Amino acid sequence: MGYETYNPYTNAPPVAAKPPAGANPLHGFLPRKVTAEQVTRAMESDVNPFTRQPHSPQYKKILEGRKKLPVFGQMDEFLKMFTNNQIIVMVGETGSGKTTQIPQFVCYSDLPHTKGQMVACTQPRRVAAMSVAKRVADELDVSLGKEVGYSIRFEDMTEPGTTFMKYMTDGMLLREAMNDPDLKRYSTIILDEAHERTLATDILMGLLKDLAKRRSDLKIVVMSATLDAQKFQRYFSITGPSNPAPLFKVPGRTHPVEVFYTQEPEPDYVEAAIRTVLMIHRAEDPGDILLFLTGEEEIEDACRKIKLEADELTNQDPDIVGPLTCIPLYSSLPPQQQQRIFDQPPQPRVAGGPPGRKIVVSTNIAETSLTIDGIVYVVDPGFSKQKVYNPRIRVESLLVSPISKASAQQRAGRAGRTRPGKCFRLYTEKDFMSELEEQTHPEILRSNLANTVLELAKLGIQDLVHFDYVDAPAPETLMRALELLNYLAALDDEGQLTKLGSIMADFPLDPQMAKMLIVSPEFYCSHEILTIVAMLSVPNVWLRPPNQRKEADAAKALLTIPDGDHLTLMNVYNSYVNNKHDKNWCWNNYLSARALQQADNVRTQLQRTMERYEIDLVTTANEQKLWQNIRRTLVCGFFMQVAHKEGEKNGYLTVKDNQVVSLHPSCGLDTSPEWVIFNEFVLTTKPYIRTVTEVKPEWLLELAAPYFDLSTFTDGETKRALQRALKKRAYKTVDSGSASNGRNTPAAEQPAKKKKKATT
DNA sequence: ATAACGATG
């Protein structure tokens with residue numbers, strides 16, 4: 001449909017809004033040899049070059065705004081570099097406009113729509129992918145999901161054949177690479193926020209560096225916010241070791257931030273933070289405060305104290321100190337409460353009195369994920385909780401650690417978004433210079449890599465140890481991952497991906513859980529394992545408000561199945577589904593509606609993957625048999641996470657690793673069984689195992705024979721207990737006259753009575 | 001006898 005050009009309410013002649021037929025603003029464009037002058041002219045055209053539709057009235061207005069972005073003035077420089085190089089490293093500071101503009105420049109030069117290809121731009125976070133795609137769709141004057149779209153887990157907002165500019169999460173592109181290692185549908189791939197060094201971005205950098213050799217037609221742009229670009233330049237020097245990838249640099253557009261340090265180190269950073277916040281409130285000009293702390297409990301505690309002391313100040317000096325609101329911010333807060341950070345600061349108590357102030361006390365979520373306008377003061381104690389992985393005992397834990405210089409810089413920058421600001425660092429300048437690391441260690445050095453190694457195997461990477469990592473993980477971490485995958489039969493003894501492993505990799509799950517799902521039909525409980533795996537993939541569903549702990553614990557007790565926490569999780573999900581008509585059910589039972597909804601989404605997605613591989617969705621009618629089948633299936637995935645009761649009461653020793661652990665207080669078992677399987681090993685005040693289910697030693701010997709080969713065990717109580725179980729089992733086998741672990745023996749206690757067909 | 005920095009599929 002064309003534009004209506006005749007306006008019946010004026011006498012003016014019809015305006016020729018519709019350009020002459022055949023006009024093509026991209027006429028004369030030579031792919032990848034396009035100049036800034038050509039692009040600018042196409043942008044000024046009345047016709048949208050990509051849809052051939054007339055531009056909407058707001059298009060030009062938005063374009064005027066874009067022209068003021070720092071990156072816009074360097075379009076010519078960028079296009080020349082894009083023409084002449086396969087790989088570009090780009091540094092653009094906050095406010096440069098790189099995330100929205102560079103992908104568009106690339107589209108004008110690359111013309112992906114003329115070759116049935118796309119330009120991809122990856123983001124570490126889902127919300128960023130969505131919101132940037134929306135913005136760019138507006139700027140290009142197209143509707144979101146058509147020419148410009150986004151792709152994130154659970155939501156593909158693209159239209160095959162139409163979409164040529166796609167924003168997506170880095171994890172999503174990695175998933176796509178598993179099924180199309182050459183990523184043929186993309187003409188250019190842009191990795192944004194590469195300095196954040198997420199696991200997915202790190203793996204993608206390795207893949208793309210290699211892919212660039214195979215696909216000379218593929219262009220790559222690596223965008224980063226900090227000045228550590230040299231590392232990327234060197235890494236991507238594919239035309240020879242002395243030829244680093246070229247650097248394209250754009251200045252940011254932010255306000256100056258004055259940084260203050262303490263004279264002496266602060267022994268108690270929370271106390272010092274509270275003192276600093278109150279000092280700012282009393283003595284500094286109006287403007288909101290952002291304080292960085294490390295976790296939920298610390299934040300709630302600090303908010304209470306700040307509120308108390310601030311109220312006292314206001315009461316003492318109502319003419320000088322204005323009112324203050326203190327808002328906590330962390331990821332597990334319900335979205336409604338997170339919205340509070342955008343509230344206006346409180347009004348003065350009396351007209352003309354001292355103005356109010358807002359203070360946000362936040363985790364690292366405010367460092368990258370959430371931007372709060374109006375922040376003028378930042379208080380930075382210099383700590384955050386960070387994931388660390390210990391391959392020796394196979395444990396990931398969270399540790400309060402000093403932040404990096406880059407992180408400190410990012411935090412300070414949060415004070416200068418709307419006007420000049422101040423940042424108070426609660427450490428000395430000397431410590432900043434000499435003690436803080438330049439960059440936060442990339443995630444790949446701090447994680448359990450079982451999942452990543454399986455993904456790499458699926459991506460066809462043969463030699464994981466010599467893969468060209470930007471930063472190579474510890475060999476021991478890779479060995480641990482290979483060992484686990486070999487025991488799970490995802491990799492054979494030569495390290496080759498097995499058929500089973502290939503299917504496992506297609507599930508967005510840890511390998512243990514993927515294995516459980518795949519074998520679950522043999523145990524007639526795939527329906528239930530699907531639920532349990534979904535529940536294990538979402539954050540904790542149990543709520544325990546500090547002033548209602550008793551009530552919350554009582555509600556939990558009603559849903560608990562004493563045979564094991566995994567069965568309890570299943571019970572919770574089933575009850576949730578059965579009570580979906582009751583809007584207050586979650587709230588009344590102290591359960592997180594958000595987490596349960598998420599479990600529902602995950603379950604649906606996993607079910608689709610199961611259907612794709614024709615993995616039957618079956619169940620067992622008899623409840624006791626069903627529960628036992630489920631527990632046996634758990635052993636098939638988590639046989640390397642077993643603990644044996646030893647020593648004083650409630651003391652357990654993990655099998656083979658011999659870690660002393662205790663049942664976590666949240667555990668719902670009514671006894672302390674001799675053998676348990678656990679989902680998580682957490683290191684808090686002491687080592688705990690969390691989400692625990694009782695198992696039988698015979699199952700371990702039967703279902704995970706290679707791992708429970710007793711000749712690989714050191715002498716001790718665990719080995720003796722297993723030897724006893726082995727003897728008992730031998731007698732039983734003789735009695736019943738049948739083999740107990742042959743492949744022909746039914747694995748489950750009882751065949752399925754009813755078979756639920758998978759539905760969409 | 002106690003708990004989840006932030007993300008991703």
Side-chain angles (χ1 to χ4, degrees), chain A residues 122-129 151-156 168-179 193 196-204 292-300 329-333 362-370 383-388 396-401 403 407 410 440 442-444 446-447 451-452 454-455 458 504-511 513-514 534 537-546 549 552-553 556 592 595 598 601-602 605-606 608-609 649-651 662-667 672 680 682-691:
Chain A
T122 67
Q123 298 291 322
R125 283 167 291 278
R126 301 158 50 107
V127 278
S151 178
I152 59 178
R153 188 183 188 183
F154 304 127
E155 202 183 353
D156 183 5
M168 64 205 301
T169 47
D170 49 8
M172 208 66 204
L173 185 61
L174 194 57
R175 286 268 132 192
E176 287 189 6
M178 292 190 344
N179 293 312
E193 314 290 1
E196 290 195 26
R197 303 294 303 276
T198 65
L199 245 173
T201 293
D202 261 31
I203 299 300
L204 282 170
F292 285 101
L293 291 177
T294 64
E296 172 176 350
E297 199 180 319
E298 199 176 82
I299 287 169
E300 293 290 356
L329 177 63
Y330 42 88
S331 73
S332 61
L333 274 179
S362 173
T363 61
N364 255 1
I365 194 170
E367 197 179 296
T368 47
S369 308
L370 275 170
F383 292 96
S384 70
K385 275 192 193 173
Q386 284 168 33
K387 187 169 72 180
V388 286
E396 270 183 1
S397 45
L398 287 172
L399 219 70
V400 174
S401 328
I403 61 172
S407 190
Q410 177 76 13
T440 310
E443 206 184 358
I444 197 168
R446 300 185 283 118
S447 305
N451 222 331
T452 306
L454 182 60
E455 280 168 4
K458 176 96 180 183
M504 282 167 63
D506 254 4
F507 285 94
L509 291 171
D510 282 342
M513 295 203 263
S537 305
V538 300
N540 184 18
V541 296
W542 309 101
L543 300 178
R544 204 164 178 254
R549 290 194 176 162
D553 290 347
K556 186 176 175 189
S592 161
Q598 231 175 308
N601 280 345
V602 173
Q605 187 191 32
L606 295 175
R608 270 196 220 113
T609 308
K649 60 176 190 325
N650 273 333
S662 306
L663 297 183
H664 194 272
S666 66
C667 173
S672 45
E680 250 184 315
V682 289
L683 208 58
T684 51
T685 48
K686 59 180 200 174
Y688 286 109
I689 50 176
R690 192 157 58 189
T691 314

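Predicted, not measured: the structure shown is a model, and the values here were computed from it. We name chains A, B, ... by the order of the sequence lines, and we start the count at 1 in each one.
- OP1 or OP2 of B/dT2 lies within a sub-4.0 Å distance of a side-chain N or O belonging to A/Tyr688.
- Side-chain contact check for A/Glu193 and A/Thr201: no donor-acceptor pair (N or O, by modelled atom type) lies under 3.5 Å.
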**Prompt:** Between A/Ser407 and A/Glu367, does a side-chain hydrogen bond (donor to acceptor under 3.5 Å, both in side chains) hold up when you go through it step by step?
**Reply:** CA-CA 8 Å; A/Ser407 190; A/Glu367 197 179 296; 2.6 Å; yes
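- Separating the NZ atom of A/Lys387 from the P atom of B/dG6 is a distance of 13 Å, rounded to the nearest angstrom.
- With distances taken from any side-chain atom of A/Leu398 to the nucleotides B/dA4, B/dG6, B/dT2, the minimum falls on B/dA4.
- Scored by the side chain to side chain contact (heavy atoms under 4.5 Å, CB included) test, A/Pro687 finds A/Val661, A/Phe681, A/Leu683 as partners (sequence neighbours excluded).
- The distance from the CD atom of A/Gln410 to the OG1 atom of A/Thr368 is 7.0 Å, given to the nearest 0.5 Å.
- Within the nucleic acid shown, A/Gln386 has no heavy atom closer than 4.0 Å to any nucleic acid atom.
- For B/dT2, its base sits under 3.5 Å from the side chain of A/Arg544 at one donor and acceptor pair at least.
- For A/Pro665, counting side-chain heavy atoms from C-beta on, the closest listed nucleotide (B/dA1, B/dG6, B/dG9) is B/dA1.
- Between the P atom of B/dT8 and the CG atom of A/Leu174 lies a distance of 14 Å, rounded to the nearest Å.
- Distance from the side chain of A/Tyr330 is smallest for B/dG6 among the nucleotides B/dG6, B/dA7, B/dA3.
- Closest to the side chain of A/Ser369, from the set B/dA4, B/dG9, B/dG6, is B/dG6.
- Counting any heavy atom pair closer than 4.0 Å across all strands shown, A/Arg125 reaches sugar-phosphate atoms only and no base atom.
- Atoms OG and CD, from A/Ser397 and A/Gln386 in turn, are 12.0 Å apart once rounded to the nearest 0.5 Å.
- Proximity note for A/Ile365 (side chain, C-beta onward) versus B/dA7, B/dG9, B/dA3: the nearest is B/dA7.
- Under a 4.0 Å N-O distance rule, the pair A/Arg175/A/Glu455 qualifies as a salt bridge.
- Residue contacts for A/Phe154: at a heavy-atom cut-off of 4.0 Å it reaches no nucleic acid atom on any strand shown.
- Contacts of A/Pro539 with the nucleic acid, taken as non-hydrogen atoms under 4.0 Å apart, are absent.
- For the ring-ring contact (aromatic ring centres under 6.0 Å, His included) test, no residue two or more places apart in sequence or in another chain qualifies with A/Phe507.
- A straight line from CD1 of A/Ile403 to P of B/dG6 spans 15 Å, rounded to a whole angstrom.
- Between the CD1 atom of A/Ile152 and the C1' atom of B/dA7 there is a distance of 13 Å, given to the nearest Å.
- Checking B/dT2, B/dG9, B/dA3 against the side-chain heavy atoms of A/Arg690 singles out B/dA3 as nearest.
- Rounded to a whole Å, the CD atom of A/Gln605 is 13 Å from the P atom of B/dT8.
- Relative to the side chain of A/Thr169, the nucleotides B/dG9, B/dG6, B/dT2 differ in distance, and B/dG9 lies closest.
- Within 4.0 Å (heavy atoms only), A/Thr363 reaches sugar-phosphate atoms of the nucleic acid but no base atom.
- A donor N or O paired with an acceptor N or O is not found under 3.5 Å between the base of B/dG6 and the side-chain atoms of A/Glu196.
- Counting non-hydrogen atoms under 4.0 angstrom, A/Glu443 reaches a base of the nucleic acid.
- Between A/Trp542 and A/Asp510, it is A/Trp542 whose nearest contact on DNA chain B lies nearer the 5' terminus.
- When the P atom of B/dG6 is taken as reference, atom CD of A/Glu367 falls 12 Å away, rounded to whole Å.
- Between the C1' atom of B/dT8 and the CE atom of A/Met513 lies a distance of 14 Å, rounded to the nearest Å.
- In this structure, A/Thr368 does not reach the B/dG6 phosphate: none of its side-chain N or O atoms is under 4.0 Å from OP1 or OP2.
- If you check every strand for non-hydrogen atoms under 4.0 Å, A/Thr198 touches nothing.
- Note: CG (A/Asp170) to C1' (B/dG9) measures 10 Å, nearest angstrom.
- Nearest-nucleotide positions on DNA chain B place A/Lys556 closer to the 5' end than the other of A/Arg153 and A/Lys556.
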